[in-house]
Number of protein chains: 2
Amino acid sequence: MTSQNKPSLPVIKRLPRYYRYLGEMEKEGIVKVSSSELAQVMGTTASQVRQDFNCFGGFGQQGIGYNVKLLREELGKLIFARQPIPTILIGAGNLGHAMANYLVEDKRGFELQGAFDVKPEMIGLTLCGVLIRDMGELGAFCAEHNPRVAVICVPRDSAKKVARQLIDLGIRAFWNFSHYDFSIDYPDVVVENVHLSDSLSTLSYEVNNN
Amino acid sequence: MTSQNKPSLPVIKRLPRYYRYLGEMEKEGIVKVSSSELAQVMGTTASQVRQDFNCFGGFGQQGIGYNVKLLREELGKLIFARQPIPTILIGAGNLGHAMANYLVEDKRGFELQGAFDVKPEMIGLTLCGVLIRDMGELGAFCAEHNPRVAVICVPRDSAKKVARQLIDLGIRAFWNFSHYDFSIDYPDVVVENVHLSDSLSTLSYEVNNN
DNA sequence: TCGTCACTGTTAATGCGTTGACAATCTGCC
DNA sequence: GGCAGATTGTCAACGCATTAACAGTGACGA
């Protein structure tokens, strides 16, 4: 029950996976789980599982294990805010469409408020239930709706300019698919980077060297 | 010039970024770069840069630095095969469409041969220049074209079955967007995982705890 | 030709995440 | 009520990645 030191990034990155596996277990009607059972599905050690949960104060019962439902609830409280985070999408191309799907699926985490693009032929269409607006309307929209997260699905060249604009409008968290590195200009913003082309290159390397 | 021990995963994951930044430098006409300059754009230390390149034998000249063009070529040789890797896409939904774009953009690394889906309304359409085929044709197609990489853009439930099928057809490398964990059933295949929903959850956590 | 400067290659030190070990604690049975 | 078995919480040991330090080497100028 004692709370520990701040969780490190590797721990945080594992939380969603714990949450996911616990969800599956709950669906299967499993009530109780031990650290070693969790370790097995996670592909790690029981020690790490216990260490991880201990960062947040330890949700288990000695001699017994962890209650699946309770543990999942606790992790959910850590991961999700009370209300879904109001979010906008910048760049409604193919990638933007796909990512909008992930956003609206994640009902507890995020709420897609609007989408923006520069291409005239996109404006006015809807995307996962929200209107695609012209980038020119971004300022007014943010003033009215106060989004807290922006998803960046624009090419690299426009990314820097768009980033500046969004920061100026008060957004401090980004799901970033561009190659623009936020941390250089804005060290304090929260950024989750997904570099798909780098991921592909890594795969290419591994295929070549195996 | 001496070749060193095998590069670790963190090193490999940095290679695409080096390659990318060197490409930008080359485009700007920069001829020579030092480890400390590279460290700055990479957001790391000069020591790490030199250490990284040393895994592969050190591409620099003592007293001088690194030749941008040469270094990029050497990294290119490490990352890419002589011929683009023949690749198929499984699941031609929104995500599949977006990822097909990344594939065909990466001309040196991959060559998209075909796409497959189960939905009848998708069959016969084209995607980045290739035909979308019925999953039933997968076996015959692989026998004829011998793809070496598969991109998995199907829902989790189908992922396990599809994985089995592809493994049986001789494919040993995957760009995996599903939550199915290849490493459990097939420890020896090459898998580059991209877990977008986990990435979103991580972002949610960070927004909540900052 | 020699010395200085710049910068890499390489080895050593540091730090952090993972793994191992053990004490503490709960359940259930005798 | 006490003991055996199971399992967590926690502290220590280990290993690996990052960082630091320094020797080695080439270019350039006096």
Side-chain angles (χ1 to χ4, degrees), chain A residues 1-18 22 25 30-75 78 183 202 205, chain B residues 1-18 22 25 30-75 78 183 202 205:
Chain A
M1 259 301 193
T2 57
S3 59
Q4 293 282 111
N5 42 346
K6 286 274 163 66
S8 61
L9 195 60
V11 176
I12 293 167
K13 295 261 177 199
R14 281 193 289 271
L15 291 185
R17 294 184 55 216
Y18 285 122
L22 287 165
M25 289 175 185
I30 298 170
V31 173
K32 174 228 132 185
V33 68
S34 70
S35 58
S36 51
E37 289 169 321
L38 263 174
Q40 196 168 11
V41 294
M42 288 284 292
T44 180
T45 62
S47 212
Q48 179 166 84
V49 172
R50 294 201 296 276
Q51 191 94 311
D52 283 355
F53 295 156
N54 227 41
C55 293
F56 307 100
F59 306 120
Q61 235 183 328
Q62 279 179 339
I64 307 296
Y66 300 89
N67 178 300
V68 172
K69 189 161 181 287
L70 184 91
L71 177 56
R72 190 172 126 96
E73 276 170 14
E74 291 298 327
L75 294 184
L78 286 168
S183 63
T202 304
Y205 175 91
Chain B
M1 260 298 195
T2 58
S3 59
Q4 294 281 110
N5 44 345
K6 286 274 163 66
S8 61
L9 196 60
V11 176
I12 293 168
K13 296 260 178 200
R14 280 192 289 272
L15 291 184
R17 294 184 56 216
Y18 285 123
L22 286 166
M25 289 175 184
I30 298 170
V31 173
K32 174 228 130 186
V33 68
S34 70
S35 57
S36 52
E37 288 168 321
L38 263 174
Q40 195 167 9
V41 294
M42 289 284 292
T44 179
T45 62
S47 212
Q48 180 167 83
V49 173
R50 293 200 297 275
Q51 190 94 312
D52 283 355
F53 294 157
N54 229 37
C55 294
F56 307 101
F59 307 118
Q61 234 184 328
Q62 279 180 338
I64 307 296
Y66 300 89
N67 178 300
V68 172
K69 190 161 180 288
L70 184 89
L71 178 55
R72 190 172 126 97
E73 275 171 13
E74 291 299 326
L75 295 184
L78 285 169
S183 63
T202 304
Y205 176 91

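Protein chains get the first letters and strands the later ones, always in sequence-line order, with residue 1 at the start of each.
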Mind calculating the distance between [atom1] ([X]) and [atom2] ([N]) to the nearest angstrom?
| X | N | atom1 | atom2 | answer |
| --- | --- | --- | --- | --- |
| B:Phe56 | C:dG9 | CZ | P | 13 Å |
| B:Asn54 | D:dA23 | CG | C1' | 14 Å |
| B:Leu38 | D:dT19 | CG | C1' | 17 Å |
| B:Ile12 | D:dA17 | CD1 | P | 10 Å |
| A:Phe53 | D:dT10 | CZ | C1' | 16 Å |
| B:Leu71 | C:dT8 | CG | P | 11 Å |
| B:Arg50 | D:dT19 | CZ | P | 12 Å |
| B:Asn67 | C:dC7 | CG | P | 15 Å |

Closest to the [X] side chain, choosing from [options]:
| X | options | result |
| --- | --- | --- |
| A:Lys32 | D:dA21, D:dT7, C:dT19 | D:dT7 |
| A:Pro10 | D:dA17, C:dG17, C:dG20 | C:dG17 |
| B:Ile64 | D:dA27, C:dA21, D:dT18 | D:dA27 |
| A:Ser34 | C:dC7, C:dT10, D:dT8 | D:dT8 |
| A:Gln62 | C:dG9, C:dA24, C:dG20 | C:dA24 |

base_contact_polar (C:dT19 base, A:Gln51 side chain, donor-acceptor, <3.5 Å): yes

Donor-acceptor pair (no angle test) under 3.5 Å: A:Ser47 side chain, C:dG20 base: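 Between C:dG20 and A:Ser47, which were checked side chain against base, a qualifying N/O pair under 3.5 Å is present.
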
Intermediate values then yes/no, side-chain contact (heavy atoms from CB on, under 4.5 Å), B:Val31 and B:Val68: CA-CA 5 Å; B:Val31 173; B:Val68 172; 5.8 Å; no

For residues [X] and [Y], determine if any side-chain heavy atom of one lies less than 4.5 Å from a side-chain heavy atom of the other.
| X | Y | answer |
| --- | --- | --- |
| B:Asp52 | B:Thr44 | no |
| A:Leu71 | A:Phe53 | yes |
| B:Gln51 | B:Val11 | no |
| B:Met42 | B:Gln48 | no |

Any [X] side-chain nitrogen or oxygen under 4.0 Å from OP1 or OP2 of [N]:
| X | N | value |
| --- | --- | --- |
| A:Arg14 | C:dT18 | yes |
| A:Thr45 | C:dT19 | yes |
| A:Tyr66 | D:dA6 | no |
| A:Gln48 | C:dT18 | yes |
| A:Thr44 | C:dT19 | yes |

Sugar-phosphate only, base, or nothing, as touched by A:Ser36 at under 4.0 Å among non-hydrogen atoms: nothing

Upstream residue (5' side of DNA chain C) when A:Asp52 and B:Gly65 are each assigned their closest nucleotide: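 On the 5' side of the pair lies B:Gly65.
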
Toward the 5' end of DNA chain C, by each residue's nearest nucleotide, B:Gln61 or A:Ser8: B:Gln61

No-hydrogen, no-angle side-chain donor-acceptor test under 3.5 Å, A:Ser47 and A:Thr45: no

